[in-house]
Structure formats: structure tokens, C-alpha cells
Amino acid sequence: PPWENTIEGIIKGFQRVAAGKIGLCVSNIEKRQNTGLSYEDAWNMTSVQLASASEAHCRAILLYTYYTETEKIVNTVSPALRQVLLQLVDLYVVYWALQRLGDLLRFTSISEKDIDELQRWYEDLLTKLRPNAVGLVDAFDIRDEILRSALGAYDGRVYERLMEAALRSPLNAEPVNSSFHKYLKPFMQGKL
Amino acid sequence: VNPDLQRERDKCTFNVTELINLIDGGVQKTEERKKQEDMVLSEGIHIEDVPSEYLSHKEKYELAVKKACLLFKVIRKMQEEDNAGMENYRAVLGGKLGSAILQDGSPLTLHYVMFIPTLMGQASVEQQVHWIGRAFDLNIIGTYAQTELGHGTFIRGLETTATYDPSTKEFVLHSPTLTAYKWWPGGLAHTANYCIVMAQLYTKGQCHGIHPFIVQLRDEETHMPLKGIKIGEIGVKLGMNGTNNGFLGFDHVRIPREHMLMKNSKVLEDGTYVNSPSSKLAYGTMMFVRVVLVTDMCNYMAKAVTIAMRYSAVRRQSQPKPNEPEPQILDYLTQQHKLLIGVASVHAFRLNADWLWNMYNNVTAELDAGDLERLPELHALSCCLKAVSTADAAECVERCRLACGGHGYMLASNLPSTYGLTTAACTYEGENTVLLLQTARYLVKAWQQAAGGNALTPTVSYIATVNSGRRL
């Protein structure tokens, strides 16, 4: 089937990858059995491919469900939010297509030109989402007490919080640690 | 607020509150969540005199127990106020709130996430009446012991035996070897006084495979281990050092016949074994946990990406154009590449988790009505989604840590402990490769069914419809 450089086309591509990988596993198990291996040994010899097929199946489910479930909700939200939610779906699907190019090249009719377009599409999506990057994580609405991070606090006082955290180290409770008198000083003076 | 961060917020093109409400499931749900957070955080349980990172292993456990008890007190108050059933337990203990207060895990998690759900799913009505009330009120503390030192996901290989003695109407639990010792369960070491134990059932000289039993481990007053119970903690781990993981061995420990959970299979007084409609029904708890795990992974990813994104808006680095200030690192495309996929992943997994949760509820309702048809499909799906979501979450958290450079390596960033929690999930409830291979068994069968012209279940129906193969 011809490759379609659309979200639906990519999802279908992932389903082809999963189906193709499962089919190959079945065929390889059978081939190995035909050489005299037991089913269990044939399974074991094919298990790297089987795990990969299983992951491909899961990716196909993840992409399909994310896409279809988002389609159900986008008509209930404002146009501005709708646009961002759809950009995120696009980003996720295109990202995984680029991550799994080898599989797509093997099991679908994707071409080099299609891949170039996918890469540009991905970079374009990053640029489009960039202005909303902080808004998107603010929407996870995780309070500082829950986030518990010097780097991620809502007010962005990163360096002040890092220093506050450093000062809480028990080693900073005294100016000179006892190990200096016990070990370092005698060692430095050649007495240890 | 840092001016760079404020500028980012000013230029946002959508209404953040609208997205918050959408993620929560509606305005009312957001209000409920915030009320819950206010209620829990106003107790100040999360505030520590000494940062817990600097405590010894023993002190960390003691603090975790103290916090877990105080947290339970808050939940009890919530229950009295709005009587929200299991929802408060899941929201407070299983969600972001729980991991905020008990950063390195809670010794009571398995009580709520495995002990009570197993009682609900595997105990007969009479047994539920006897145990569940006490468990909810924390009059008893339970955990769930399945994995052994010598065997993990391959549960048919478990060695612990439960041999029925009709003369006393008791089961005798025994660990015949060192490798038969139960190993890993959270809360088992020094917290729980009861435990659901998966053991090979023997009656009338015949083995009937693994079955769940409820076993008392410690005296309810003194907390001393009971006779024949060999119990302790397994030691320090990469993360989750507050969860009190333990080991457990049995030396011919006798328990009453009624302590076998008998919703599905039964042993009658004379030792007659009554089979369950499906051997897979005993795996219900694992399936439940795998489904819940997908939601947990969303929470960890959301945390990590929030930290790294805000940091990337504040942090400035390098000078690509002469005579211009150092740009925010978020302006580098490579940084956007690292982080924005994390945001998208949270949304993708959240919607998939909701979808899987609905499916789980539908299938368990069908099971209660005696319909087992979709059980293998749910099992296959929960296995692979658990594997992929935990692997992706661990990778996402690690990517976020790297996106924060050296500062992400500081425990104060909360990224290392978040990584500890996510990567732990790659191995518990079934190591990921093993789970992928379990799904593969289902997929191979589905392929063979499709080849035979048979109808396929919805989630694998694409196998019969898509054609694969590269165009020449």
C-alpha cells in the first residue's frame, strides 16, 4: 500500500509494522521448527524479535488510542487549546515515526522524501509549541510542595533554592569537620 | 517570579486553567483535587526538620512509617467528611500527593494497592466481610507476597507450598528451600502483620497450582513474628528505600482452612478441591496493578518534565551570536526535542491509561458475570502497556535529568528520586521483557487465528486488515 505522510497514515504504518513483525515471528518459529527445533527452542531463538513485535503492537495501540481519544475531546474545547492539543498529538506520532524509521522502511513503502518531510514536520512542530512550553507544564498543575524541586518551583528561583538546599547539608553545620583533625592534618604532616 | 518564566507565561496562547480542568476531568474534579491537596498539605506532614536524604536507612524507614500513619489519619478525616470510598485512597496514596510526602516510597502502599484489592477480587463474600473492614480501618496491615528469591514472573515455578491437612482442617505453609523465600514485597519486612501469600496448593497428595492464602505474620499486640515465620528486610536499593521491602520464609506454619481466599477455587473440609472457572483469575491483582501503574507513570513524567521545562526557561547558556545575551536553553531546538516529547507523552499515556482503566472495569464486570472471553486480551494489553509505559517514563525522566545538566544530578532537583521510582516499575509486577513476551504469545495466537480466517478481538483486529510489505 502507498505511504501517506499524515497522522492516520503513520498510525496505519505502525499497524503494518506490528502486523509484519508478528507475521515474521510466526514464520521464523515455523522455519526453525522445520529444521528440527522444538517449539520452545524455536520460540526462544525468536524471542528478541517477539519482544520487538510486542513493543510495535503496543506503539500502534498507543498512537491509535491517543489520536482517537483526542479527536473525541478536541471539539469540546476552545480553538486555542484545540490547536495545541492537536499539535501535541502530531508531535507524538511524528516523533515515534522518526524513532522507528528502520521498521517503517522495512514494512511500509515510506520513501526518503517522506522521511525528509517528516523531519521538517517535526522541527516545525517544536517551533510551534515552543511559545506554549511553560504553559503546557503549568497545566499539569503540580504544586511546589508536591514537585519538591529546587529547579522546578513555580517562581523559578532556581539558583536561590539550590543554594538553600546546599546549606541544609549536615556538613555545613560546622566550619571544620572533625575528620580534618583526625585524618587529614596528621596525614598532611606525615604523622598518619 | 523569575522574569524569564513570567515572560513565558505571558506569551502562552491558550488558557492554562482550561487545560488543567480538561486533564482533571472537569472543573469540579479540579476543585476536588485542590481541596484534597489543601487538606493533606495543611497538615504539614511533608515538612521535614532534617532533609530525609541525609537520614540513615533505618531513620528513613521510621520517618516513612510516621508519615504514612499521619497521612492515613488525614484520609480517615476525608472519608468521614465526604465518604468517597476508595477514591481518596487512590488519589492521596497512589497519586502525586503520596509520592510528595513519602518521596522514597511508603511502607503502606501495598496495603492499599495490593492487599485490599486482592481481598476484594479473590476473597469469598464471607471472607470479605471478615477482613476488608479491618483492613480499611488499618486495624491490620497487609501486604502481598508472590515473588520468591528464586522465581519472579514465572509464577508456576513458585516453590512455597500450602498442604491441606484434613485432620485439623488447616493448611501447612512451608518454604522447602532458600529460593522459596518470598522476596521483595513492600511493607513485608517490619510493617505488615498480615500477608496474602501465593503458594502451591496440595490436597489429597495432588498439586493444584498457585493459590492465594491470608497468613498472619506478627502478633497483633506485640508485633513479634509468629512461630515458624522467618521475616526481615532485604536491604538498600537504587530507590524506594521507604517501602520496607522484605523477605519471608515459612517453617511448617499452620493456618485455618478459611484462610485460603476462596472466591474462585475452593478446598472443602474433607480436602476435595473445587476448581475455578479459569486459572487466569488468580492473576487479577497483578493485572489491576499493571493498569494502575500506567497512570502512575504519567504522574512521574509530568513531574519530571515540569521541573526540566521551568529550569530550561530560567537557565541561560552559551553565546551563539556575538554581542547578544546568553539565550534561554529552552530556545535550543535540541532542548525542545528533549522536553516537548515528554509533555506529549504525558497526554498520550493519560488517555491510554483512562482507556485501559475503562476496559479493565468492563472486563472485570464481564468476569463477575462468568464471561471470560476478553480476559486474555486485557492480560496481553496490560502486560505490554505496563512494559512500554514504565520504560518510556524512565527514559523520559532520565532525559529530563540530562536536560538540566549537572543541576539535574542534585537530589534537590527531585529528578534522581523520581528516576528511582520509575525505573523500579520497569522490574516490579513483571520485568518488562518478560511481559512483552507474554503479550507476544497472545499476538502469535491472534496471527494464527487471522490466518485461519477467524474473527479477532478489537485491539488486534488490525492484524487481519492491514497489508504489510515494502513496495518494490
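Remember, predicted model here, so these are calculated numbers, not experimental data. In what follows, chains are A, B, ... by sequence order, proteins preceding strands, each numbered from 1.
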**Student:** Are B/Arg350 and A/Glu69 close enough for a salt bridge, meaning some N to O gap below 4.0 Å?
**Tutor:**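 Judged by the 4.0 Å cut-off on N to carboxylate O distance, B/Arg350 and A/Glu69 do not form a salt bridge.
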
**Student:** What are the two closest heavy atoms between B/Ser345 and A/Tyr92, and how far apart are they?
**Tutor:**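 Taking every non-hydrogen atom into account, OG-CE1, 3.5 Å.
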
**Student:** Between B/His337 and A/Tyr95, is there a side-chain donor-acceptor contact under 3.5 Å, judged purely by atom types and distance?
**Tutor:**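 Judged by distance alone, the side chains do not pair up.
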
**Student:** With a 3.5 Å cut-off and no angle check, do the side chains of B/Tyr442 and A/His57 form a donor-acceptor pair?
**Tutor:**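 No, no side-chain donor-acceptor contact under 3.5 Å.
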
**Student:** Counting heavy-atom pairs closer than 4.5 Å to chain B, which one of A/Leu88, A/Thr70, A/Ile61, A/Asn132 comes out on top?
**Tutor:**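 The answer is A/Asn132.
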
**Student:** Where does B/Leu381 contact chain A at under 4.5 Å (heavy atoms): side chain, backbone, both or neither?
**Tutor:**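 For B/Leu381, the side chain is the part near chain A, not the backbone.
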
**Student:** Regarding B/Glu8 and A/Arg130, does a basic nitrogen lie under 4.0 Å from an acidic carboxylate oxygen?
**Tutor:**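 Yes, this pair counts.
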
**Student:** Honestly, is B/Arg9 close enough over A/Tyr154, meaning NZ or CZ under 6.0 Å from the six-membered ring centre and within 45° of the axis?
**Tutor:**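 Because its charged atom sits under 6.0 Å from the ring centre and within 45° of the axis, B/Arg9 does stack over A/Tyr154.
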
**Student:** What part of B/Asn352 lies closer than 4.5 angstrom to a heavy atom of chain A: side chain, backbone, both or neither?
**Tutor:**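 Backbone plus side chain of B/Asn352, per the 4.5 Å heavy-atom cut-off to chain A.
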
**Student:** Heavy-atom cut-off 4.5 Å, strictly under: side chain, backbone, both or neither for B/Ala412 against chain A?
**Tutor:**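 For B/Ala412, heavy atoms of backbone and side chain both lie under 4.5 Å from chain A.
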
**Student:** Looking only at the side chains, is there a donor atom on one of B/Arg315 and A/Tyr159 sitting less than 3.5 Å from an acceptor on the other?
**Tutor:**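 Yes - a donor-acceptor pair under 3.5 Å links their side chains.
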
**Student:** Taking C-beta and beyond as the side chain, do B/Leu356 and A/Thr65 meet within less than 4.5 Å on heavy atoms?
**Tutor:**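 Answer no - side chains too far apart.
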
**Student:** Looking at B/Asp392 and A/Arg59, is any side-chain nitrogen of the basic one under 4.0 Å from a carboxylate oxygen of the acidic one?
**Tutor:**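 Looking at B/Asp392 together with A/Arg59, the answer is yes, because their closest N to O distance falls below 4.0 Å.
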
**Student:** Check whether any side-chain heavy atom of A/Val26 sits under 4.5 Å from a side-chain heavy atom of B/Lys445, and report yes or no.
**Tutor:**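 No. Closest side-chain heavy atoms not under 4.5 Å.
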
**Student:** What part of B/Leu330 is in contact with chain A, defined as an atom under 4.5 angstrom from a non-hydrogen atom: side chain, backbone, both or neither?
**Tutor:**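 Looking at B/Leu330, backbone and side chain both touch chain A.
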
**Student:** For the residue pair B/Leu22 and A/Leu85, establish whether any side-chain heavy-atom pair is separated by less than 4.5 Å.
**Tutor:**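 They are in contact (side-chain heavy atoms under 4.5 Å apart), so the answer is yes.
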
